[in-house]
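Excluded from the calculations below are hydrogen atoms, water molecules and symmetry mates; all remaining heavy atoms, backbone and side chain alike, are included. Note that the coordinates shown come from a computational prediction; the quantities given were computed from them, not determined experimentally.
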Amino acid sequence: MIDQRIIELEHYINHIDDFTLDIIAEKMLISTKQLSRLLKAWDEEGLIEYKPGRGRGNKIKIEFKRDVQADIIEDIKRNIDTMNVKDLQKVLQQPWRHNAFVKLQEIVDDKINEEVIVDGNELIEWVHQIPENLHPAHINDYLGAQLSHQFYETLYRVSTTGKIIRNLVSVDEWKDDALHIHLKRQVKLSDGSLLIAADVKDSLGYCGSEECPFAALFSEIEHIEIINDFYIVINFSERPKYFKYLLSQKYSAIYRRIDEHTLIGSGPYQLDELSEDSLTIRYNLFYRGHLPDIERIKYLNKRSEKNHFDSYKKDNNEVVFINIGEEFLLFNPHKDLSIKQREYISQIFMETIEEFVEAERKKDVLNTTVSTIEKLDAKQQILRPLKVVVNSQTKVFFEAMQQRLLKDDIQLLFIEMDYLEYINTNLMAIDADFVWMYENYHSLQPYKTIDLLRQCKFQEWYGQLTEGYKIMNDFDHKENDAPSNVGYQYLKRLNQKRLYLPIRKVRRKIYVDAYTKNIDALPYGIVNYIDVILDKKAIRN
């Protein structure tokens with residue numbers, strides 16, 4: 001077969017006006033000597049005419065004598081049955097002409113569609129339901145977050161040590177109140193086309209639109225300017241705090257809209273099949289990173305009779321637990337309850353949990369066991385009814401708590417709301433004293449606190465209070481205060497005031513075969529599938 005690097009050569013000499021051997025060698029990531037040997041070999045094969053430059057001012061001459069892209073496609077067509085997936089990925093990463101690429105993609109698609117995925121290269125996850133909306137800004141559960149992470153990439157990402165690093169960005173710079181971003185040039189979407197600045201503008205533009213639930217976070221953007229296909233400028237009225245962190249979040253993912261129902265991204269996987277009973281994703285051959293061991297992942301609705309979840313559990317009893325969020329008791333800071341009164345309510349709440357929650361969930365309850373309940377003295381008596389938000393899942397629990405409070409002549413009234421109504425109603429419009437709250441947020445500080453104060457339900461009560469507002473705007477903090485410490489101390493103070501009481505980590509089960517190794521969790525309950533290792537020896541045995 002013809003050496004596919006000749007496609008790179010053709011691309012560079014057609015896009016660089018005054019090219020030299022050094023420039024092309026640097027682009028192709030090889031030495032000048034290696035390039036010189038390649039050029040001579042291709043000249044001898046009759047693919048190109050190569051004349052080295054002699055003396056000062058004499059440029060090298062490279063002319064193509066054949067349509068090498070057409071020849072390589074014919075080679076691939078003849079030999080595709082001997083090529084593995086990594087070979088195909090390498091082929092697709094070359095800078096093909098559009099018409100040649102279309103022909104190549106047809107050949108590769110036919111190969112992929114006829115390929116049988118062995119069980120060892122497929123993973124099954126059981127979920128409560130298949131999401132209806134796969135838009136990264138409209139996800140509302142851990143599966144949506146998982147799929148967004150697989151399909152799309154963000155401009156920035158947060159490292160395991162909490163540092164914000166470039167992802168789709170090559171170079172960036174703040175100039176006054178504008179963020180100048182240069183994109184990486186060879187990032188391809190799952191259809192093989194290049195990701196460009198227009199995709200970034202469209203994606204971020206939607207984030208600031210009325211249709212997006214996170215529009216308020218992007219209201220500081222004045223306008224976005226495209227300089228060229230890989231250079232974009234985001235202009236603000238004044239430089240915002242933590243904006244690069246915002247651009248690392250799943251709702252800020254970059255995609256291209258193909259039609260009303262179809263989005264494509266540049267992540268390691270792409271959508272394969274979708275129904276109300278199941279959703280299948282397969283790896284994206286155009287992904288610029290290494291391909292994962294897991295070629296295909298199936299998400300099956302465990303409630304569907306078609307999928308036989310109970311029989312699957314019997315045969316696959318290896319279980320991995322992934323943290324997806326945290327539950328806590330949150331008090332309304334705008335109410336008149338004292339610290340002693342909130343402490344008393346918290347004690348009643350935790351005592352109810354100890355006796356009410358089933359045994360297998362007790363191990364998930366955090367180390368927040370409160371001391372023996374102390375009667376409130378006359379000055380601290382709660383003389384008015386308390387109010388709490390309840391839904392169909394929590395009502396029975398709060399009825400038990402209600403009976404405990406009645407022993408001290410305290411009424412507990414219910415504000416009944418279904419989940420969607422609760423999510424869509426601002427807490428400031430709900431006359432509740434406290435809420436049993438679940439949030440899914442970044443596990444590292446200061447991002448945990450930033451998420452709570454900026455994008456979680458928590459911020460509706462606390463975001464505009466003085467301390468939270470100062471944290472988000474870096475006011476009144478000592479120069480040497482680490483942001484992570486500021487976030488930690490903020491939640492510690494809320495806990496000391498009995499406004500915030502962590503209850504338990506929320507986890508989900510993943511049923512896996514014994515040969516599946518290195519299952520690691522990222523923030524928001526996302527499984528890092530790309531690093532999962534399949535023990536091929538165990539598969540063969």
Side-chain angles (χ1 to χ4, degrees), residues 127-129 131-133 137-145 210-217 251 303 324-337 341-342 345-346 348-353 356-358 361 364-365 382 384-406 410-441 451-465 468 494 498-506 508 524-525:
V127 297
H128 291 291
Q129 64 181 29
E132 296 180 0
N133 193 338
H138 290 274
I139 56 178
N140 54 20
D141 59 10
Y142 71 85
L143 178 55
E210 293 181 358
E211 293 83 3
C212 179
F214 299 96
L217 303 182
Y251 46 77
R303 297 171 181 170
I324 62 173
E326 185 176 277
E327 291 179 3
F328 50 88
L329 190 64
L330 189 69
F331 285 87
N332 186 342
H334 306 282
K335 289 288 190 173
D336 58 358
L337 296 173
Q341 290 170 334
R342 292 193 293 265
I345 296 168
S346 298
I348 295 289
F349 182 91
M350 292 305 296
E351 184 185 75
T352 308
I353 278 188
F356 189 88
V357 176
E358 59 268 27
R361 290 180 62 193
D364 294 333
V365 176
I382 300 173
R384 63 171 178 79
L386 297 172
K387 296 180 182 180
V388 63
V389 175
V390 304
N391 58 37
S392 58
Q393 292 180 312
T394 62
K395 187 173 182 179
V396 176
F397 170 86
F398 280 117
E399 285 174 341
M401 183 176 174
Q402 188 181 53
Q403 294 305 309
R404 290 179 179 276
L405 288 168
L406 278 176
I410 299 172
Q411 284 186 287
L412 180 62
L413 305 180
F414 297 162
I415 302 172
E416 297 193 37
M417 309 176 76
D418 63 35
Y419 179 72
L420 283 179
E421 184 183 5
Y422 165 72
I423 289 296
N424 293 323
T425 304
N426 192 296
L427 286 177
M428 293 298 290
I430 303 174
D431 186 30
D433 290 284
F434 57 95
V435 175
W436 185 351
M437 185 173 285
Y438 162 74
E439 295 285 17
N440 176 242
Y441 46 61
D451 282 0
L452 285 171
L453 289 171
R454 177 175 269 173
Q455 64 198 46
C456 293
K457 199 75 179 163
F458 177 99
Q459 60 90 20
E460 294 173 4
W461 271 346
Y462 285 85
Q464 294 304 312
L465 292 182
L494 291 186
R498 301 298 186 259
L499 289 165
Y500 160 84
L501 178 71
I503 299 169
R504 71 181 186 100
K505 300 287 187 185
V506 181
R508 66 183 174 104
Y524 308 106

* Flag, side chain of E327 to backbone of R504, donor-acceptor distance under 3.5 Å -> no

* **Close side-chain approach of W436 to F397, heavy-atom, < 4.5 Å** => yes

* Derivation and outcome, side-chain contact (heavy atoms from CB on, under 4.5 Å), residues V388 and F349 -> CA-CA 12 Å; V388 63; F349 182 91; over 6 Å; no

* Structure fact -> Rounded to the nearest 0.5 angstrom, the CD-CE distance for E351 and M401 is 10.0 Å

* **K335 NZ to D433 CG distance, which is reported to the nearest 0.5 Å** => 5.0 Å

* Contact summary for L499 and P333, nearest pair of heavy atoms -> CD2-CA, 4.3 Å

* Does CD belonging to Q464 count more than 12 external heavy atoms closer than 6.0 Å? -> no

* Asked: Any side-chain heavy atom of Q402 within less than 4.5 Å of one from F414?
  -> yes

* **Between CG on residue L330 and CG on residue L494, distance to nearest 0.5 Å** => 8.0 Å

* To do: Could you pull out the closest heavy-atom pair between A137 and P213, with the gap in Å?
  => O-CG, 3.2 Å

* Structure fact -> Distance col, row I410:CD1 vs I348:CD1, nearest 0.5 angstrom, shows 7.5 Å

* To do: Decide yes or no on side-chain contact (heavy atoms from CB on, under 4.5 Å) for Y438 and I324, but give the supporting numbers first.
  => CA-CA 10 Å; Y438 162 74; I324 62 173; 3.9 Å; yes

* Backbone N/O of S346 and side chain of R498: donor-acceptor pair under 3.5 Å -> no

* Asked: Which pair of heavy atoms, one from A432 and one from W461, lies closest together, and at what distance?
  -> O-CZ2, 3.7 Å

* Are more than 12 heavy atoms from other residues, nucleotides or ligands located less than 6.0 Å from atom CD of E211? -> yes

* **Geometric class of the F434/F331 ring pair [parallel <30°, tilted 30-60°, perpendicular >60°]** => tilted

* Structure fact -> Tested for side chain to side chain contact (heavy atoms under 4.5 Å, CB included) against V389, the lone hit among E416, E421, M437, M417 is M417

* Determine whether L143 and Q129 make a side-chain contact, defined as any pair of heavy atoms from C-beta on separated by less than 4.5 Å. => no

* How long is the span from the CE atom in M350 to the CD1 atom in I503, to the nearest 0.5 Å? -> 6.5 Å

* Asked: Does NE2 in H334 sit with more than 12 non-hydrogen atoms of other residues, nucleotides or ligands closer than 6.0 Å?
  -> yes

* To do: Report the relative orientation of the aromatic rings in Y251 and F214; use parallel for angles under 30°, tilted for 30 to 60°, perpendicular for over 60°.
  => parallel

* Side chain of N391, backbone of D418: donor and acceptor closer than 3.5 Å? -> no

* Do N332 and I430 have side-chain heavy atoms sitting under 4.5 Å apart? -> no

* **Which atom of V390 lies closest to which atom of K395, heavy atoms considered** => CB-CA, 4.3 Å

* Step-by-step side-chain contact (heavy atoms from CB on, under 4.5 Å) determination, L386 to L337 -> CA-CA 10 Å; L386 297 172; L337 296 173; 4.0 Å; yes

* To do: Please name the pair of heavy atoms, one in R404 and one in T352, separated by the smallest distance, quoted to 0.1 Å.
  => CD-OG1, 3.1 Å

* Identify the two heavy atoms, one from N133 and one from H138, that lie closest to each other, and give their separation to 0.1 Å. => ND2-CB, 3.5 Å

* Asked: Which word best sums up how the rings of F328 and F458 line up, parallel for under 30°, tilted for 30 to 60°, or perpendicular for over 60°?
  -> perpendicular

* To do: Determine yes or no for a side-chain-to-main-chain donor-acceptor pair under 3.5 angstrom, with R454 supplying the side chain and L217 the backbone.
  => no

* Is the NZ or CZ atom of K457 both under 6.0 Å from the centre of the six-membered ring of Y422 and within 45° of that ring's axis? -> yes

* To do: Give a yes-or-no answer on whether the side chains of Q455 and Y441 include a donor-acceptor pair shorter than 3.5 Å.
  => no

* From L405 CG over to I382 CD1, what is the distance, rounded to the nearest 0.5 angstrom? -> 7.5 Å

